[in-house]
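Report on the following structure.
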Amino acid sequence: QLQASGGGLVQAGGSLRLSCATSGIIFKINTMGWYRQAPGKQRELVADITSGGSTNYEDSVKGRFTISRDNSKNTVYLQMNNLQPEDTAVYYCKSSFQTITFWGQGTKVTVSS
């Protein structure tokens, strides 16, 4: 129901745009989030956006990443600029409405120095 895409290999300082297309959920009422999991580390929240458009970012990505949503396309995006090697991880999207959550399959981002 959540299909993440847009990952890849990029050099430090580069940019990527992740997309998460959804189906089977009432997208506009869900809080959508991007999480990441680096090798050997726990999954962490990168950014999320509420149904009303309020956003929240993990400190290390503030000013570099932008989360957005297009309710007409049932899709959430993560624009990632000035990528750094420490951003290397598998990125997952998540939908949340009350206690109902779904996860996408993940898309890998690798940033070379």
Side-chain angles (χ1 to χ4, degrees):
Q1 290 182 323
L2 277 69
Q3 184 72 37
S5 62
L9 173 64
V10 64
Q11 290 187 331
S15 298
L16 285 173
R17 188 194 195 203
L18 305 184
S19 299
C20 177
T22 71
S23 62
I25 63 171
I26 305 174
F27 180 80
K28 64 181 180 180
I29 67 173
N30 275 262
T31 291
M32 299 300 299
W34 285 99
Y35 291 70
R36 65 186 178 188
Q37 187 165 18
K41 295 188 176 181
Q42 290 189 331
R43 191 173 297 187
E44 64 175 359
L45 173 68
V46 176
D48 61 19
I49 183 167
T50 67
S51 59
S54 296
T55 58
N56 173 56
Y57 296 91
E58 193 269 328
D59 285 346
S60 70
V61 308
K62 287 179 180 177
R64 300 189 297 125
F65 291 10
T66 302
I67 189 171
S68 62
R69 64 191 297 159
D70 186 337
N71 289 345
S72 70
K73 296 181 178 179
N74 295 336
T75 300
V76 62
Y77 304 97
L78 185 68
Q79 177 67 43
M80 305 186 294
N81 298 328
N82 190 23
L83 282 159
Q84 299 300 313
E86 53 266 34
D87 297 315
T88 294
V90 178
Y91 284 71
Y92 300 87
C93 58
K94 175 186 169 185
S95 67
S96 301
F97 177 70
Q98 296 181 348
T99 60
I100 302 171
T101 63
F102 295 102
W103 289 91
Q105 86 288 3
T107 184
K108 188 173 183 179
V109 173
T110 303
V111 184
S112 63
S113 58

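These numbers come from the heavy atoms of this one structure, side chains and all, not from hydrogens, waters or symmetry mates. Remember, it's a predicted structure, so these values are computed and weren't measured experimentally.
Side-chain contact between Y77 and R69: absent, with no pair of heavy atoms (C-beta onward) separated by less than 4.5 Å. Counting only heavy atoms from C-beta outward, the side chains of M80 and Y91 approach each other to under 4.5 Å.
Applying the 4.5 Å side-chain rule to ILVMFWY residues, one finds I26, F97 in the same cluster as I29.
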Identify all side-chain donor-acceptor contacts of residues 42-50 below 3.5 Å with residues at least two apart in sequence or on another chain.
unit_1: E44; atom_1: OE2; unit_2: R36; atom_2: NE; d: 2.8
unit_1: E44; atom_1: OE2; unit_2: R36; atom_2: NH2; d: 3.3
unit_1: T50; atom_1: OG1; unit_2: G52; atom_2: N; d: 3.3
unit_1: T50; atom_1: OG1; unit_2: G53; atom_2: N; d: 3.3
unit_1: T50; atom_1: OG1; unit_2: S54; atom_2: N; d: 3.1

For residues 100-113, please give each side-chain donor-acceptor pair under 3.5 Å, one per line with the distance, not counting sequence neighbours.
unit_1: Q105; atom_1: OE1; unit_2: A4; atom_2: N; d: 3.1
unit_1: Q105; atom_1: NE2; unit_2: A4; atom_2: O; d: 2.8
unit_1: T107; atom_1: OG1; unit_2: G7; atom_2: N; d: 3.0

Taking only distance into account, with no hydrogens and no angle test, what donor-acceptor pairs under 3.5 Å do side-chain atoms of residues 12-22 form with protein atoms, sequence neighbours excluded?
unit_1: S15; atom_1: OG; unit_2: N81; atom_2: OD1; d: 2.9
unit_1: T22; atom_1: OG1; unit_2: N74; atom_2: O; d: 2.9

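Side chain of Y57 to backbone of I67: a donor-acceptor contact under 3.5 angstrom is found. No donor-acceptor distance shorter than 3.5 angstrom exists from the side chain of Q84 to the backbone of E86, with no hydrogens or angles considered. Of the possible polar contacts, none joining the N30 side chain to the M32 backbone as a donor-acceptor pair under 3.5 Å is found.
Atom-to-atom distance recorded for C93:SG and Y35:OH is 11.0 Å, nearest 0.5 angstrom. Expressed to the nearest 0.5 Å, how far CD of Q3 lies from OG1 of T75 amounts to 11.0 Å.
Connection of V90 to V10 is not established within any shared hydrophobic cluster, with ILVMFWY side chains joined at heavy-atom distances below 4.5 Å, either directly or through further cluster members. The cluster map of Ile, Leu, Val, Met, Phe, Trp and Tyr, joined by side-chain heavy atoms under 4.5 Å apart, puts I25 and V76 in the same cluster. Placement of Y92 and W34 in two distinct hydrophobic clusters is found when ILVMFWY residues are connected by side-chain heavy-atom separations under 4.5 Å, directly or transitively.
With sequence neighbours excluded, the residues forming a salt bridge (Lys or Arg N to Asp or Glu O under 4.0 Å) with R64 are D87, listed by chain and number. In this view, K62 and D59 satisfy the side-chain hydrogen bond (donor to acceptor under 3.5 Å, both in side chains) rule, not counting sequence neighbours.
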